Number of protein chains: 4
Amino acid sequence: MSSVMGKNIKLSVFGESHGEAIGCVIDGFPSGVKLDFDKINMQMQRRAPGKDRTSTARKEGDEPHILSGVLKGVTTGAPISMIIENTNVHSGDYGNLSAVPRPGHSDYPAYVKYGGHNDIRGGGHFSGRLTAPLVFAGALARQVLEKKGIKIGAHISRIGNVCDESFDKCNIADELLECLAADSFATISTDKEMQMRAVIEDARLMGDSVGGEIECAAVGLPVGLCSNMFDTAESRLSSALFAIPAVKGVQFGAGFDFARMYGSEANDGYEIRNGKVSLISNNNGGILGGMTDGAPIVFSVAIKPTPSISVPQRSINLQTMENETLTVRGRHDPCIVPRAVSVVEAVTAFVLLDMIM
Amino acid sequence: MSSVMGKNIKLSVFGESHGEAIGCVIDGFPSGVKLDFDKINMQMQRRAPGKDRTSTARKEGDEPHILSGVLKGVTTGAPISMIIENTNVHSGDYGNLSAVPRPGHSDYPAYVKYGGHNDIRGGGHFSGRLTAPLVFAGALARQVLEKKGIKIGAHISRIGNVCDESFDKCNIADELLECLAADSFATISTDKEMQMRAVIEDARLMGDSVGGEIECAAVGLPVGLCSNMFDTAESRLSSALFAIPAVKGVQFGAGFDFARMYGSEANDGYEIRNGKVSLISNNNGGILGGMTDGAPIVFSVAIKPTPSISVPQRSINLQTMENETLTVRGRHDPCIVPRAVSVVEAVTAFVLLDMIM
Amino acid sequence: MSSVMGKNIKLSVFGESHGEAIGCVIDGFPSGVKLDFDKINMQMQRRAPGKDRTSTARKEGDEPHILSGVLKGVTTGAPISMIIENTNVHSGDYGNLSAVPRPGHSDYPAYVKYGGHNDIRGGGHFSGRLTAPLVFAGALARQVLEKKGIKIGAHISRIGNVCDESFDKCNIADELLECLAADSFATISTDKEMQMRAVIEDARLMGDSVGGEIECAAVGLPVGLCSNMFDTAESRLSSALFAIPAVKGVQFGAGFDFARMYGSEANDGYEIRNGKVSLISNNNGGILGGMTDGAPIVFSVAIKPTPSISVPQRSINLQTMENETLTVRGRHDPCIVPRAVSVVEAVTAFVLLDMIM
Amino acid sequence: MSSVMGKNIKLSVFGESHGEAIGCVIDGFPSGVKLDFDKINMQMQRRAPGKDRTSTARKEGDEPHILSGVLKGVTTGAPISMIIENTNVHSGDYGNLSAVPRPGHSDYPAYVKYGGHNDIRGGGHFSGRLTAPLVFAGALARQVLEKKGIKIGAHISRIGNVCDESFDKCNIADELLECLAADSFATISTDKEMQMRAVIEDARLMGDSVGGEIECAAVGLPVGLCSNMFDTAESRLSSALFAIPAVKGVQFGAGFDFARMYGSEANDGYEIRNGKVSLISNNNGGILGGMTDGAPIVFSVAIKPTPSISVPQRSINLQTMENETLTVRGRHDPCIVPRAVSVVEAVTAFVLLDMIM
């Protein structure tokens, strides 16, 4: 496995869903940053499960316990290590899964790759639970970014066939991002939240799950970060975003809509506004030639439906090599998208901090 | 800039559109590979401009000249260096561009980042011409992959509103991929080629350009390549694909369509077929938990319309800081998508070789 | 800071001497390895302080507590995380050190680099105590290497003016290495141990410290590991060895003695022995052109005297910017060399495992 | 092979001794640097062979030809690529070497590693000739460093039994370093040059070769560069220095002499001098805890005797697997040390530039 990411700051994530603890080490974080633990815990809670019926019934305190790198609440420059104890573990729920891979999960390729030695309880190291340390790392990164005037916020742009309104890519207020970044079911339009919740509840009642999209924005970045060819802002962000389980697509600005456009509509013109260079439109999502161009960074990610569903599915038995019908038990999210919003923001924060250092 | 990519094999790309030469160094390529130069040149020609009216009128021989790493046609294990001389250069065409950034191009952030020192003639190092060394590197990688039974092919899946039929993700014949990988305007349906060409010709006549999508597949990979969390197959592929100029979106398998799906439709079940584990569907595009699962890798990329268009556009003058109307002269592609097919395949080949080494 | 090392296996080390815990994360360790915890603890004990008068009086259990990556004693392929709680901490001993840098320590550059935010208690993250996780990582690596027939052992080759006999570089028995690798004061000649202990005891009684050299060997490696130019075996080993606090020199084979030699004495000839290619001598320490050549890898490292001594030293006060005489209190090793032997072996084991993966 | 080095600036070296050309690509070099080509050529000439009897009779112009990254003499920020054509090639001299490995050379492990496919003419990619691109890269790096007040110089500190005087580690004048950095046989004491030349001439007349040591210094660096644990200044410098063929040892400051010292002599005290923190001695060679401490960086490297000698040597035939006596023909350096001085300086300059970026 490779659970280490980053160039100037390195994040190493460890732990298994049903092991003793999960956690991370952040290496290269700047010294002298006074941490706001309330803000960290607020982000941890946005991701934490068990808040309502849109998520798994598993309840976890998800309290990060810092072991090193912080002295009297201030970062020292040494690696910051953090653990979260796993408290609410029902390993028994997963007893029959070892030989029968769950469709849509990592079970089958992991079985081949690790020779059957990987911890399959609750998905082990592949579990979505491992996004908790990502949120922690992102919460720290965000505190440095905010001091530099950089804000990040994301919202649920689609669940099934219900779409939220999109960001006005050229004109995104700090307040909107702050508001989204504190919301546990983040949408721009409050009407849409109700409709989305209904879609999720329907899926839950059917023992099924549903997918969605998340749109994320970052404002306040300087012009000229990153570079072509192989170190583009798109390369660095997408590489990290695809580390989030269930992300299967990433698009910047107009993204796949570009395929339908003419250059004359797609190109973002320039004008001088208040004595400064400004973009008239932002189809490129704040990135040109791989570099930030001063407009907000805007991208969206596709999230597949949670693969753990209780409806019977076709699978096989890897030991007997016979077909088998699988019914997955255990507590699962009918839709992971609401909880993934904070994870997308966190990964974005970490990558942006790595870029500006 | 960072024009170096790769983990086990490293690719370093250099050169400017209107400089003396462009080229690359491939470090870590296996020794003892007898190169088929006809196949290399065939790939170079697929990307090369000037073949018909869908592309720029600039003609380049694009003949790769190998300086090292190959002895009597066989790789030695030492770094393979290659240069392509720039022969057909009209620098005068770009005279007025230095202070007036072209919309949709890297000009403005590059000006800020490099303090005005970057070579802007023809886009300099940011030019699409720099994809020629990528195609060379990919052509070499492909020869190693083919010996291992791995085939790669891509097609134009959309130009404007014209869509080609999609891959049957579960069942992609080697012959289809071979056929696409030799085509200079690669589509699955020949009818669609005519319609797409018409859309491009329309754009050309208007002095405009048009975007599109490319769908790519790779078959024959072993199960269990790559890993979660940060070294997923999606991370590695997307990171490299976003290095191709104009790529603004990458999606794997069902990609953004997952947002509309239920888990019960999205999950790919398993069955035993001919004594082997097989996937019943392939919505995940051959990748589960970041690892290859034995099904074909299938993904698509969004390509934005070529930003160089001859219709007048709103821009600014970076020296006078006043608004200015820009009309871009020079020879340009009304649609880069047909030529980008070989580039997408090449980048995929390079990344896959890096994965299996 | 950068406390992450490795290419195919990554080691991330964290913690401070007087913090809550120290530990590490090992990412990319092979799955399916049944760990021998007795062997791990034996290596931890070789490094642990407080055994006799050659080392600091600080006693630490140094019991590694594994949090993840191991299930029922077998590695799973997921990141292995481990913590060691700090139990025997006398922070009061270090009270006066914050403004007065200790000569020979990292205090002064760390103060400048981290703006005074670094944890200075006991050296913080710079403490030699952070070598405990290195020994843990090395102990795990060693178990994989041993299954492949690779053995590593080191001995104290010099303390002050007392020298142990050197390895017979061409002919190093597995048994000798095993014996050294289990010794807490490893020398080839038992006579020399007594003399070295006397030198250390003299230094201790004077409140002073003394330096030394460690010679390390590894046998059983295949021919052709690593490569020129920048990925030489010497580069990879030296880069990691200089991470051990107090190491100030690394030499391979004849090392600095080469400066006095003629090519005709220095060159290692070949002969066929038992049908196999063998080296007649091993001045190159098992490495030619940066690659392993089949002979034992042999190198030595210089260890400077422990900078913490109780004799008064000239220093300054960084706040008043005035000269000051410093007397360092606290428990210190009069000679770190005996304990460093296991650290040198551990780092070597980790790097060699990274090379062969 | 891995012929790519660097973190923030990347250097990729290519070519073979008897191929068409050698060269390099420097990626990430700052934009806007006006290059002084006279200074570049001066460094190239210091390394170039054929100047006198201390070196091989092979004469090479060694004129670097820049292909990209430089416009009107000023760096653009794009990758700088450079080639040197190989003009004076006598491949016939090496005809009998393919099956009979030369002692002390990379021939045998390279044969095993590359399956006999590597170019063995003149050592191929393993040739000392490949240090010419290193000198080029270093010459560019030096020009950036000099603008920041950083100077680098080295001298031959030993040839056989003749030693030059050492640097006064605490007090190294810019003028001395400038003088050494322009010298083709750099010594501090001019008397010693004559004695060293005599030792080399003796070796040449015997058809033998002789080793030596080079001591290098850098002044003007800020305090706090690099960090513990794994990114120490010693780690980064040693890793790059061991890429120079024939380097077999690296020591910083007192280096191996530390083994004989007591802490009370070894520790470098502090004093306030002219209102600034100063070190009273510099046994640590300007590096404490892996970080620069403001004193000059001082280190020395051991250079083994050139392995190519004309006296008969014991070898084997890899095809017949029989013992064979080898007499190496061709033009060789009786001592590589004088030419290696500029290479050591160049590698140091490149690494220091990478550190401060």
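Order of the sequence lines sets the chain letters (A, B, ...), proteins ahead of strands, with each chain counted from 1. A quick note: this is a predicted structure, and the numbers were derived from the prediction, not measured. Computed over heavy atoms, backbone and side chain alike; hydrogens, waters and symmetry mates excluded.
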Pair C/S239-D/S239, side-chain hydrogen bond (donor to acceptor under 3.5 Å, both in side chains): steps then yes or no: CA-CA 5 Å; C/S239 176; D/S239 176; 4.8 Å; no

**OP:** Step by step, work out the side-chain hydrogen bond (donor to acceptor under 3.5 Å, both in side chains) result for C/N267 and D/K304.
**Re:** CA-CA 9 Å; C/N267 282 354; D/K304 72 177 182 178; 5.8 Å; no

Worksheet item: Does the pair D/M206 and C/Y262 meet the rule for a side chain to side chain contact (heavy atoms under 4.5 Å, CB included), with working shown?
Response: CA-CA 10 Å; D/M206 292 185 292; C/Y262 286 90; 4.0 Å; yes

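Each of D/P245, D/S238, D/G207, D/S157 has some count of heavy-atom pairs under 4.5 Å with chain C, and the biggest count is that of D/S238. Each of C/G224, C/P103, C/A254 has some count of heavy-atom pairs under 4.5 Å with chain D, and the biggest count is that of C/P103. Residue with the most contacts toward chain C among D/R236, D/E265, D/E271, D/Q313: D/E271 (heavy-atom pairs, distance under 4.5 Å). With chain C as the partner, the residue from D/G212, D/P305, D/G211, D/A259 showing the most heavy-atom pairs under 4.5 Å is D/A259. When each of C/R260, C/Q251, C/K248 is scored by its heavy-atom pairs under 4.5 Å with chain D, the top score falls to C/K248. Across D/D268, D/V250, D/I309, D/D293, the residue that shares the most heavy-atom pairs under 4.5 angstrom with chain C is D/V250. By number of non-hydrogen pairs under 4.5 angstrom with chain C, the leading residue of D/S235, D/G285, D/A302 is D/S235. Each of C/A243, C/P222, C/G269, C/G275 has some count of heavy-atom pairs under 4.5 Å with chain D, and the biggest count is that of C/A243. Each of C/G249, C/S300, C/G253 has some count of heavy-atom pairs under 4.5 Å with chain D, and the biggest count is that of C/G249. Heavy-atom pairs under 4.5 Å with chain D were tallied for C/Y111, C/F230, C/F299, C/F258; the largest tally goes to C/F230. Counting heavy-atom pairs closer than 4.5 Å to chain D, the top residue among C/G6, C/A240, C/G263, C/G255 is C/G263. Counting heavy-atom pairs closer than 4.5 Å to chain C, the top residue among D/I244, D/N283, D/V13, D/T306 is D/V13.
Although no hydrogens or angles enter the test, the distance criterion places no donor-acceptor pair under 3.5 Å between the side chain of D/S106 and the main chain of C/G289. The backbone N or O of D/S2 sits less than 3.5 Å from a side-chain atom of C/S227, completing a donor-acceptor pair. For the pair C/D208 (side chain) and D/S264 (backbone), a donor-acceptor distance under 3.5 Å is present. Side-chain atoms of D/N228 come within 3.5 Å of backbone atoms of C/H125 as a donor-acceptor pair (strictly under, hydrogens ignored). Without hydrogens or angle criteria, C/N323 side chain to D/I272 main chain gives a donor-acceptor distance under 3.5 Å.
In this structure, the portion of C/I280 lying under 4.5 Å from any heavy atom of chain D is its side chain and not its backbone. With a 4.5 Å cut-off on non-hydrogen atoms, C/P307 touches chain D through its backbone and its side chain both. In this structure, chain D has a heavy atom under 4.5 Å from the backbone of C/L225, while its side chain stays farther away. For C/L241, no part lies near chain D; criterion is any non-hydrogen pair under 4.5 Å. Contacts of D/V4 with chain C are made by backbone atoms alone, with heavy-atom separations under 4.5 Å and no side-chain atom involved. Proximity to chain D (any heavy atom under 4.5 Å) is restricted, for C/E322, to the backbone atoms N, CA, C and O. Only the backbone of C/V301 comes within less than 4.5 Å of a heavy atom of chain D; no side-chain atom from C-beta onward does. In this structure, chain D has a heavy atom under 4.5 Å from the side chain of C/L134, while its backbone stays farther away. Using a 4.5 Å cut-off between heavy atoms, D/A110 touches chain C through backbone and side chain atoms alike. Contacts of C/V311 with chain D are made by side-chain atoms alone, with heavy-atom separations under 4.5 Å and no backbone atom involved. For D/L318, the part lying under 4.5 angstrom from a heavy atom of chain C is the side chain only. The contact between C/V112 and chain D is made entirely by side chain atoms (from C-beta outward), counting heavy-atom distances below 4.5 Å. Within the 4.5 angstrom heavy-atom criterion, atoms from both the backbone and the side chain of C/E234 approach chain D.
Residues D/Y270 and C/R102 have side chains not in contact (no heavy-atom distance under 4.5 Å, counting atoms from C-beta outward). Residues D/L288 and C/Y108 have side chains not in contact (no heavy-atom distance under 4.5 Å, counting atoms from C-beta outward). Taking the side chain as every heavy atom from C-beta outward, D/M261 and C/V210 never approach each other to under 4.5 Å. The side-chain heavy atoms of C/V277 and D/M321, taken from C-beta on, include a pair separated by under 4.5 Å.
C/M229 CE to D/S127 OG: the interatomic distance, rounded to the nearest 0.5 Å, is 9.5 Å. Note that the CZ atom of C/R314 and the CG atom of D/L279 stand 11.0 Å from one another [nearest 0.5 Å]. Going from atom NZ of D/K113 over to atom SG of C/C226 covers 7.0 Å, rounded to the nearest 0.5 Å.
Taking the six-membered ring where the residue is Trp, the centroids of C/F242 and D/F252 are separated by under 6.0 Å.
C/T292 and D/P109 make their closest contact through O-CB, 3.4 Å (heavy atoms, listed as atom of the first residue, atom of the second, distance).
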